[in-house]
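Here is the naming used below: chain letters follow the sequence lines, and residue numbers restart at 1 for every chain. Everything quoted here is computed from the prediction, not taken from an experiment.
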Amino acid sequence: MIKMKEEKRKGAWTEEEDKQLEWYVSLFGERRWDFLAQVSGLKRSGKSCRLRWVNYLHPGLKHGRMSPQEEQLVLQLHSYWGNRWSQIARKLPGRTDNEIKNYWRTRMRKIAQERKMNSSPALSSYNDTNFYFNEPQSRTEREEEEEGGNY
DNA sequence: AAGGTTTTCAACCGCAAATTT
DNA sequence: AAAATTTGCGGTTGAAAACCT
């Protein structure tokens, strides 16, 4: 509504920006991002503020590598739900959709890479498409919705 | 030591869904 | 009710870190 024709910053967040954001979130809560972006004086969009908060600053987030158990859970849940990162993340306390998505991509690459290695160097008659889409649909859409003890 | 290559992962974008006016 | 604004999602990117050679 109040449109500020203010130049927006982009790229990595600085520590000062983080502090500032934390302060304003503590003041106003983790919502009304657009409003918060303006009133805080941060030269960031509301969207950017939200992202920074939910993916990094939010208390209770685990940082660093996922444990093998977590990784396994991701695999499992992905096999029912596909790329519904947000939904998957809800089952992994302290982990974000973004993080999980990143993990998945990394894994994908690793698989593609490995595959390249053990398949015969000279003539591989397969090609790569569809390699990793494990065909999970033996369990039909019944698990779709979240609440209710699934998995 | 240095410069080129690969990997990582935080942050961007566009669109969709939700909420507000 | 409908238009406008805000929030949330998932795919994708690129700068910096890590890894060669």
Side-chain angles (χ1 to χ4, degrees), chain A residues 1-119 121 127-137 141 143-148 150-151:
Chain A
M1 191 175 284
I2 300 156
K3 54 179 45 172
M4 277 289 223
K5 186 60 212 290
E6 184 76 53
E7 197 53 39
K8 295 288 200 253
R9 265 180 55 74
K10 287 177 88 164
W13 282 65
T14 65
E15 224 168 295
E16 299 84 83
E17 288 179 305
D18 281 349
K19 289 222 169 93
Q20 208 171 338
L21 179 55
E22 263 168 340
W23 169 250
Y24 281 93
V25 170
S26 78
L27 236 40
F28 297 114
E30 35 195 300
R31 60 200 204 294
R32 303 166 68 199
W33 295 108
D34 193 66
F35 162 78
L36 197 144
Q38 305 204 38
V39 81
S40 69
L42 283 163
K43 297 182 181 158
R44 298 279 185 171
S45 65
K47 226 170 147 169
S48 181
C49 291
R50 175 188 166 274
L51 191 73
R52 184 61 180 172
W53 178 260
V54 309
N55 283 338
Y56 190 77
L57 263 20
H58 193 278
L61 285 182
K62 297 174 186 169
H63 291 103
R65 269 260 248 359
M66 292 199 279
S67 71
Q69 294 87 322
E70 289 175 312
E71 293 183 351
Q72 219 218 302
L73 186 54
V74 171
L75 262 43
Q76 204 168 263
L77 293 175
H78 187 277
S79 81
Y80 312 164
W81 288 338
N83 301 359
R84 298 210 249 291
W85 310 116
S86 183
Q87 195 174 159
I88 293 171
R90 273 168 223 140
K91 302 290 180 190
L92 287 127
R95 299 296 181 182
T96 68
D97 53 353
N98 209 224
E99 200 174 6
I100 291 170
K101 185 167 62 180
N102 278 336
Y103 163 69
W104 188 261
R105 275 187 99 248
T106 300
R107 181 166 169 285
M108 232 55 312
R109 285 211 182 150
K110 213 168 71 190
I111 290 172
Q113 181 62 21
E114 272 164 21
R115 179 153 194 289
K116 211 176 192 179
M117 310 209 76
N118 15 349
S119 63
N127 73 38
D128 295 2
T129 53
N130 295 336
F131 175 69
Y132 34 73
F133 290 108
N134 47 349
E135 187 63 45
Q137 298 324 28
E141 306 303 305
E143 302 286 4
E144 268 303 327
E145 278 321 312
E146 27 211 297
E147 302 312 331
N150 33 18
Y151 78 87

Indicate whether any N or O donor in one side chain lies under 3.5 Å from an N or O acceptor in the other, for A:S86 and A:R90.
-> yes

Any side-chain N or O of A:W33 under 4.0 Å from OP1/OP2 of C:dT5?
-> no

Can you name the nearest heavy-atom pair linking A:L75 to A:Y103, along with the distance?
-> CD1-OH, 3.8 Å

Decide if atom CD of A:Q72 counts as having more than 12 heavy atoms of other residues, nucleotides or ligands within a radius under 6.0 Å.
-> no

Considering all heavy atoms of both residues, which atom of A:A12 and which atom of A:E17 are nearest to each other, and what is their separation?
-> O-OE1, 4.0 Å

Gap between atoms OH and C1', on A:Y103 and C:dG10 respectively (whole Å) | 19 Å

Decide if atom CZ of A:F35 counts as having more than 12 heavy atoms of other residues, nucleotides or ligands within a radius under 6.0 Å.
-> yes

Pairs under 3.5 Å (Watson-Crick or G-U), crossing ones as [ ], inter-strand ones as |: DNA chain B comes out as .||||||||||||||||||||

Counting just side-chain N and O atoms, does A:S86 come under 4.0 Å of either OP1 or OP2 of C:dC9?
-> yes

Between C:dG11, C:dT7, C:dC9, which nucleotide has the shortest distance from any of its atoms to the side chain of A:R90?
-> C:dC9

Rounded interatomic separation in angstrom, taking CG from A:D97 and P from C:dT12 | 16 Å

Rounded to whole Å, CZ of A:R32 lies from P of C:dG8 at a distance of 14 Å

Taking the six-membered ring of A:W53 (Phe, Tyr or Trp), confirm whether the NZ or CZ of A:R50 is under 6.0 Å from its centre and within 45° of its axis.
-> no

Do NZ/NE/NH1/NH2 and the carboxylate oxygens of A:E70 and A:K62 come within less than 4.0 Å?
-> yes

Tell me, yes or no, whether the heavy-atom count around A:R109 atom CZ, taken from other residues, nucleotides or ligands under 6.0 Å, exceeds 12.
-> no

Value in whole Å for how far the C1' atom of C:dG8 lies from CD of A:E30 | 14 Å

Protein heavy-atom contacts under 4.0 Å, written 5' to 3' over nucleotides 5-13 of chain B as B (base), S (sugar-phosphate only) or - (none), form the string ---BBBBBS

